[in-house]
Structures are given as C-alpha cells and as structure tokens.
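When a ligand or atom number is given, it counts from 1 through the structure's own listing order.
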Amino acid sequence: MEFRNLKKQYELNKADFDTAIEDVLKSSRFISGPVVSELESELCDYVGVKHCITCANGTDALEMALRAWNIGEGDAVFVPDFTFFSSGEVVSLVGASPVFVDVYEDTFNINCEKLELMIEKILAESALKPKVIVAVDLFGLPANYPRLREIADKYDMKILEDGAQGFGGSIDGKKVCSFGDISTTSFFPAKPLGCYGDGGAIFTDCDETAALIKSLCVHGKGINKYDNIRIGRNSRLDSLQAAILRVKLKLFIEHELEDVNTCARIYDEMLAASFPEIPLPLRPEGYVSSFAQYTIKLTSKEKRDALQKHLKEKNIPSMIYYVKPMHKQEAFDTSMYDDANYEVTNKLVDTVLSLPMGPYLTREEIDEVVGGMASI
Ligand SMILES: *Cc1c(COP(=O)(O)O)cnc(C)c1O
C-alpha cells in the first residue's frame, strides 16, 4: 500500500499527462510561456483571488510574501508551533523573529486565544514589533480565519496564509489561499495539488503587492528581466510543471477533492466502529478539509509508536507529522521560547499518527489499515 498513491493517479490519466508534457517539449518554451499564465489564471478562478504568481516552491512563496511586506530585523512574526519547518524558517531567513504559538488539540491549527496573549506579551516585554500572523492550514483544514482576522485588525497586523497543505479546503464556501492578505501554496508532489517536482504559488487581491512579488521572483525586474530595479531572486515555476498542474487541477476539481473527503468519511466510520476511543480529525461546521493528511491521536507515545510498528509489520505505511515542535528546533534561538507555553504541541508530537490517505485510496485499503490496527 502507498502512503499517498501518486502512481495510480498517473496510470489512470497517463494519456493526458503524456500529451501535456509532449506539448511543452514540442513548443520548447521551458520557462514562462503561455502554459504558466494559463495555469495562473485557472488558479485565480478556482481560489477566487485576483492575482496568482507561481514560483519555484512553497518555501520561496512564503519568503516572497514577507519580502514584499519588507519584514525584517525587529519584526515579530507569529507562527504555529506545530507545522512544517518552512513556516518559521522563512521568518528567520528575512531577518525577523519567529514567535511560536501553541495550537488547538482538536483542529491542530494556531490557537487564537494563545496568539493574542503572545502578541500582548511581545508588546509588553520586548522591543519587537508584531507585524504578521502566519496561519497554516494544517493537514488540509483551514485555520480559524474569522477569529484571526479580528486579531490582525486589532493589532494592525497582516495575515500570511500558508496554504501548502490546504489547497481546496474552504470555510462556508470561501476557499483556502483567499484568507490571507497574501496566501501561498506548495505543489510538492505529495500536497493536495502537487506537480512532478517542486513548485509553489502566491495569491493576493492587492495589485501593488502582486506587481512587487512578480518582480521579486524574476531578479527584481522592471520593464523586463534585463531592467533590474531591486534585488530579487530567481524563483519560477517551469512550463513542464505548469502543464502537469493544469491536468492535475482539472482532476482535483472534477473528483479528487470529493474523493479524498469520501475516504475521510470511510475512515471516520470504520474507526468509530472499531476504536470509539480514538478522536477523529475534526472539521468544524462550515469547514471543508482537503485532507493532505488523515491524522489520528493516540493516548501516549508508547501506544502511538507501538501502533506504527505494528502497522509497519503488516506493510501499512504511516507517518508522524511532526516529530518535533518548532520551538525545539535548534536552527532557532531556542532560549527565546518557554517550553511551558507549548503544552498541546508537546503532547501532539508524541501522540499523532497520519494514516495512508489520498483520492485514490480504496475502501478495501482503508479496511486493511483499520483492520491492521486491530491489536492496539
Ligand atoms: C510543504 C510545506 C511548505 C513548503 O513547501 P515546499 O514546496 O516544499 O517548499 C510550507 N509550509 C507547509 C505547512 C508545508 O506543508
């Protein structure tokens, strides 16, 4: 069994992928070109945002957003403690200070009450200026944007939505990557919408921000890339990946988002029947997840590790996202963080387990996974 079955997606749609790739090879337009702009416009339509700028990967996308806002030394950027490293890495990369915030145990997303306390603490006890909230749509579920927007307004801060795992998710019909002042996503192969290499995108409704980010991604270009009006980067999505993504976006809209949610419901039912004590991944009323991961929680590290070992013996893959809280990553100045503030994340890293997931998972496979858990 595959943890996420990308082979099956290719095999079932081989002709479409092969044609898309061949068309790019025949055109010999490998960088930029019409296919990239076509994809960007389709992504705008789907997400419901005015501008989409594709780039080399989801980490660059986050970095570009912070650079567009001129975030740097002396600025505090608030990031959930339970996330992939990139969400906080980019903050240090631009010279600002990441301030980690604990998450909710049931949604895995940033805890808004603790966020507000942390902002107050930074204002009262440090010289840092609170500037940005990085909200991550962890495992596919949108963060609590209605509440986050109130907090951002109150403290005059911006929201950077890290939608790397959330593409396709929504709150009351409003789509992930439309909640931030700038929102980003990743097209890493295993994400809800992935390509066949690295890729990313940045979304915003603001014309000036979009123009600035377009320039930053292409060597700080002015009129063109040989007219350079600022120091930028080389961060682009190539045409092959764009062509592949156009095929995948169509599949995603036609059936994959629905199918992955069907898989989640089958897991819910089977787990509730066999293991009523295991908390299922919560989707608050009105929220749709794109289920980048289907993640359960056990009651202890011993139980979680035993379950993973047991599944492995049955050739059932599972993953621990994430093994370490951000505030304990040695790349950061860990002395800045008080471990007592991260009670939930400290617990989650010991108890979470992500099970095989994806739109091409079958009922039989889910049955095998849940059956394979029998002895816990
Ligand atoms: C994958 C991921 C990223 C980074 O995306 P890349 O394309 O791998 O650079 C950022 N944030 C989160 C939450 C992710 O899961």
Side-chain angles (χ1 to χ4, degrees), residues 3-4 6 39 43 52-67 77-94 98 100-101 103-104 107-110 132-143 145 148 159-169 176-177 179-180 182-203 213 217 233-238 241-242 244-245 248 260 281 289-295 319-327 329 331-332 345 348-349 352 354 357-358:
F3 185 68
R4 190 171 187 94
L6 296 173
L39 172 71
L43 288 168
C52 169
I53 303 111
T54 52
C55 65
N57 56 68
T59 309
D60 278 8
L62 290 165
E63 184 195 335
M64 293 302 161
L66 295 178
R67 292 208 186 278
V77 176
F78 297 77
V79 178
D81 196 38
F82 191 55
T83 180
F84 180 63
F85 187 59
S86 288
S87 316
E89 179 180 33
V90 291
V91 178
S92 297
L93 195 62
V94 301
F100 298 115
V101 179
V103 297
Y104 293 116
T107 64
F108 304 113
N109 283 328
I110 193 163
V132 178
I133 301 162
V134 176
V136 180
D137 305 316
L138 204 75
F139 304 149
L141 184 74
Y145 290 100
L148 287 171
I159 296 179
L160 171 52
E161 177 183 9
D162 179 353
Q165 301 183 13
F167 191 85
V176 156
C177 288
F179 294 107
I182 300 178
S183 304
T184 63
T185 197
S186 161
F187 302 126
F188 181 83
K191 307 283 175 170
L193 179 66
C195 59
Y196 288 158
D198 276 313
I202 303 148
F203 298 85
I213 289 173
C217 287
R233 289 274 304 278
N234 173 18
S235 186
R236 292 176 299 220
L237 182 77
D238 65 70
Q241 300 306 337
I244 288 155
L245 280 165
K248 291 222 195 186
V260 82
S289 174
S290 58
F291 281 103
Q293 307 296 340
Y294 187 93
T295 303
M319 302 289 283
I320 299 168
Y321 296 121
Y322 291 93
V323 292
K324 215 182 201 185
M326 294 289 269
H327 79 275
Q329 294 286 7
F332 301 115
T345 303
L348 287 174
V349 295
V352 287
S354 298
M357 192 46 165

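Classification of the Phe82-Phe139 ring pair by plane angle, with boundaries at 30° and 60°, yields perpendicular.
In terms of N/O distances under 3.5 Å, ligand 1 is not approached by Asp198. Looking at Phe188 next to ligand 1, no N or O pair under 3.5 Å apart turns up.
Residues Asp81 and Met326 form a side-chain contact, since some pair of their non-hydrogen atoms from C-beta on lies under 4.5 Å apart.
If you number the atoms of ligand 1 from 1 as listed, the ones under 4.0 Å from a heavy atom of Phe84 come out as 2 (C), 3 (C), 12 (C), 14 (C), 15 (O). Those atoms of ligand 1 with a heavy atom of Val136 less than 4.0 angstrom away are 13 (C).
What you find for Cys217 and Arg236 is that their closest heavy atoms are O-CG, 4.2 Å. Summarising the geometry of Gly169 relative to Ser290, their closest heavy-atom pair is N-CB, 3.9 Å, with the distance given to 0.1 Å.
Considering only residues two or more places apart in sequence or on other chains, Cys195 meets the side-chain contact (heavy atoms from CB on, under 4.5 Å) condition with Phe187, Gln241, Leu245.
Although no hydrogens or angles enter the test, the distance criterion places a donor-acceptor pair under 3.5 Å between the side chain of Glu161 and the main chain of Phe179.
Residue contacts with ligand 1, taken as heavy atom pairs separated by less than 4.0 Å, involve Thr83 solely via side-chain atoms from C-beta onward. In Asn57, the parts holding a heavy atom less than 4.0 Å from any atom of ligand 1 are both the side chain and the backbone.
Closest to atom 8 (O) of ligand 1, if we only count protein heavy atoms, is Ser186 OG, 4.0 Å. With respect to atom 15 (O) of ligand 1, the closest heavy atom belonging to the protein is Lys191 NZ, 2.6 Å. Among all non-hydrogen protein atoms, the one lying nearest atom 9 (O) of ligand 1 is Thr59 OG1, 2.5 Å. Among all non-hydrogen protein atoms, the one lying nearest atom 11 (N) of ligand 1 is Asp162 OD2, 2.7 Å.
Of the candidates Asp137, Thr185, Leu141, Asp137 is the only one forming a side-chain contact (heavy atoms from CB on, under 4.5 Å) with Val176.
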